Amino acid sequence: MTEPDHPGSSEEPQDTDLTETTGREGAARAPMHTVVIPPETSMAALLGPRDELLRTVERSFPHVDVMVRGNEFRLAGPSGDVAIIERLIDELVVIVAAGQPLNRDAVERSIGMLRSASAERPADVLTMNIISNRGRTIRPKTLHQKHYVDAIDKHTIVFGIGPAGTGKTYLAMAKAVAALQAKQVNRIILTRPAVEAGERLGFLPGTLNDKIDPYLRPLYDALHDMVDPDSIPRLMASGTVEVAPLAYMRGRAQPLDAQVLTPDGFRDIGSLRVGDLVIGSDGGPTPVLGVYPQGPREVYRVSTQDGASTLACGEHLWRVETASDKRRGRTRVVQTSDMDGRLRAVYGRRFELPMMSPPELTPRPVPLDPYALGLLLGDACITATTTPTFSTTTPELAEALEDVIDGIEVRHKGGCDYVLNRAGRGRGGVIVANPVTEVLRDLGLAGTRSQTKFVPEEYLVNSFAVRLAVLQGLLDTDGGPVTQAGRTCRVHYATVSPRLRDDVVFLVRSLGGTAYCRTRPAEGRQPGRAKGRPVPYRHDAFVVDIRLPPGVPPFRLAHKRETYEARTGGRPMRFVDRIEPVGIQETVCIRVAADDSLYVTDDFLVTHNTLNDAFIILDEAQNTSAEQMKMFLTRLGFGSKMVVTGDVTQVDLPTGTSSGLRVVRDILAGVEDIYFATLTSADVVRHRLVSSIVEAYGKHDESRRRRDRPGSHDRNTPHDRLGGRGRDDTDEATTRHTPAGEQ
């Protein structure tokens with residue numbers, strides 16, 4: 001039976017509320033199945049404007065009669081098709097109840113999912129909201145897209161492989177923005193290769209943004225759909241969103257001679273190898289996971305307000321805090337170039353670097369107690385021409401010397417002078433060297449004077465206890481606490497030896513502190529007095545102001561310790577003060593296994609070089625070489641996710657260069673926490689013609705592959721003779737590695 005046209009069609013309205021459509025003329029009659037729609041569900045939403053959705057079902061199931069009366073669907077036709085329509089109606093009711101609008105595309109995709117007999121429900125796919133912005137909700141539209149989105153939630157690295165228009169990049173961007181808003185990551189990094197320029201962007205005209213914008217425009221467009229456009233410049237200025245070509249991702253490097261702290265002291269970064277140990281920000285050793293030469297790059301000197309400095313390229317990463325970050329209880333990661341020109345805030349310096357926890361370096365045996373060495377360097381006469389003497393107005397220090405040095409007796413000579421005699425000395429017999437003089441000769445200190453004293457290397461690079469004891473000896477003699485009204489106590493140290501000044505600064509920084517140096521010129525200073533006579537200054541004096549972290553006591557001397565502890569409370573701080581170009585140098589990048597990816601470089605500055613707590617998207621990955629793909633994947637830091645998208649049928653690499661996206665599946669297949677999602681022409685969500693175009697090209701490529709197989713009888717077709725490509729010059733994207741795109 002053929003039912004009359006229903007109301008809402010292009011025909012004149014009927015006087016009945018019966019809305020019916022029929023199958024083909026002459027279709028066999030079948031038992032009628034009735035589906036009752038709950039009264040709270042809008043029939044208008046199910047049927048669509050002008051019954052468009054009902055007509056979509058009719059076209060998809062031509063052998064089924066579909067009749068609608070009131071809130072009932074009546075179905076007659078083959079049982080298999082009827083069963084699918086019944087499930088379809090149930091799914092559409094769920095979608096409408098969830099407040100999601102229905103359209104022709106959603107109905108067709110639901111039918112496709114039901115026909116594929118998938119375990120996934122269409123309602124679960126079409127009601128899965130990723131992010132909403134300005135009244136627009138982004139969600140997957142196909143089964144494979146849902147699997148792709150689910151994989152991003154469950155895996156650290158996801159590869160989205162499929163033709164253009166399947167939503168690979170768009171859905172990845174939506175997941176990145178959602179993760180940022182949920183505070184699952186601290187930043188978003190978007191990158192793609194700029195192969196059309198051979199990645200030699202420096203030869204293109206204009207500023208850096210002018211050069212890279214054409215390559216990154218699809219990423220910008222997607223970002224503008226999901227984030228308030230007015231906030232994007234602010235997010236990019238703060239480093240929360242970083243957009244850069246792949247070539248710039250590998251530029252986070254330092255010169256080969258930049259120093260990196262290891263358990264055995266500082267080493268050139270260029271000498272490090274995978275497996276070597278370096279010191280992390282927590283003071284503990286962490287292994288090097290990767291070493292990546294970067295070639296010649298523009299290098300900058302990054303200096304802090306306390307005089308420390310190191311060299312790094314413009315893309316090198318730094319973890320910093322600003323005043324607003326502190327109020328919000330967060331940190332940020334910025335590049336050297338991000339800070340350049342923005343170093344000053346209204347009330348001072350803007351970017352504060354993290355301080356290192358005191359490292360526990362490899363212990364070494366030392367020939368003299370470290371505290372005693374500090375006391376001798378401060379107030380002893382160690383010329384080696386006479387018995388060592390020690391001058392102090394504090395008998396407590398003389399007693400401490402006798403307690404910690406074996407084999408000597410400290411004898412009070414008079415006034416503030418003490419002599420360090422060998423214990424058990426007597427007149428006559430064999431002459432035995434003074435043990436202190438003997439040790440000082442071994443250390444290279446015998447014969448040094450006030451202006452030439454220094455701390456031997458084996459004391460500078462040693463355990464925490466040794467370094468602290470040496471510093472305490474120096475400060476108990478030539479240092480002291482400085483108190484000022486309204487300020488916490490700091491430590492003051494003075495010496496006339498430039499080398500000893502540098503050694504004290506090294507010790508302070510190695511203990512997690514800061515040291516500020518200034519010079520008092522000897523010329524023009526009012527003479528001092530000794531025994532009532534004026535004594536002119538013959539050497540410049542170096543003054544060091546010291547801040548040490550809590551838990552690191554600078555003094556053992558009782559009265560100094562009490563004064564310091566009564567007014568302590570400040571903490572050492574480091575701010576970026578200057579960034580200056582120094583020229584082009586050979587550089588290298590390292591990756592470390594520390595949880596925060598931080599390591600210690602020159603002057604005990606803390607920096608890092610991998611992508612932590614970030615959502616990283618590599619778009620157009622088919623245009624990366626195998627080496628670039630390896631470089632990119634090994635930049636993954638802790639707490640981060642990576643999504644790699646691409647279409648292996650559209651490779652633009654130069655002839656002879658293998659696509660990294662093609663080979664990576666063979667290399668990483670079976671690696672835990674890595675997922676390969678494949679999307680097909682059925683997942684195209686652009687204009688309906690795009691799917692048809694992709695399918696047509698797929699059929700054409702398949703027929704050409706069959707024609708080009710060995711033994712084929714139609715290889716020399718007119719198309720080939722007129723210039724069509726034969727097997728030898730067929731696009732690799734349509735011949736090799738085709739299985740890599742299969743699920």
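The shown structure was predicted, so the numbers you read here are calculated from the model rather than taken from an experiment. Throughout, numbering of the chain's residues begins at 1 and tracks the sequence.
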(Q) Tell me if the aromatic rings of Y459 and F454 count as close, with their centers under 6.0 Å from one another. (A) no
Keeping the roles fixed (side chain from [X], backbone from [Y]), state whether a donor-acceptor pair exists under 3.5 Å.
| X | Y | value |
| --- | --- | --- |
| D306 | T514 | no |
| T362 | P263 | yes |
| R349 | L343 | no |
| E321 | K326 | no |
| D268 | L256 | no |
| Q650 | Q622 | no |
| S640 | A614 | yes |
| S337 | G314 | yes |
| R662 | V648 | yes |
| R350 | R344 | yes |

Q: Sort out for me which residue in T310, T587, T607 forms a side-chain hydrogen bond (donor to acceptor under 3.5 Å, both in side chains) with Q254.
A: T310
Q) Knowing that exactly one of T624, T645, L190 qualifies, which makes a side-chain contact (heavy atoms from CB on, under 4.5 Å) with L618? A) T624
Quick check: do [X] and [Y] have side-chain heavy atoms less than 4.5 Å from each other?
| X | Y | result |
| --- | --- | --- |
| W318 | D338 | no |
| C517 | V505 | yes |
| Y170 | I130 | no |

(Q) Using side chain to side chain donor-acceptor pair (under 3.5 Å), reason through D540 and T519 one step at a time and then give a plain yes or no. (A) CA-CA 7 Å; D540 293 344; T519 303; over 6 Å; no
Please determine if [X] and [Y] form a salt bridge, counting it only when a charged side-chain N lies under 4.0 Å from a carboxylate O.
| X | Y | answer |
| --- | --- | --- |
| D340 | R578 | no |
| E458 | R364 | no |
| K168 | D619 | no |

**Q.** Considering all heavy atoms, the nearest V288-I590 contact
**A.** CG1-CB, 4.4 Å
Q | R267 vs D276, salt bridge (Lys or Arg N to Asp or Glu O under 4.0 Å): CA-CA, chis, key distance, verdict | A | CA-CA 11 Å; R267 282 178 56 182; D276 289 346; 3.4 Å; yes
Q. Do R501's NZ or CZ and the ring of F542 fall within the cation-pi criteria of under 6.0 Å and 45°?
A. yes
Q | Aromatic ring pairing F604/F506, orientation class (parallel under 30°, perpendicular over 60°, tilted between) | A | perpendicular
Q: For Y300, check ring pair (Phe, Tyr, Trp, His ring centres under 6.0 Å) against everything at least two apart and list the hits.
A: none
Q. Given the rule in the side chain to side chain donor-acceptor pair (under 3.5 Å) test, do S497 and T495 qualify, once you have shown the distances and angles that lead to the verdict?
A. CA-CA 6 Å; S497 168; T495 180; 4.9 Å; no
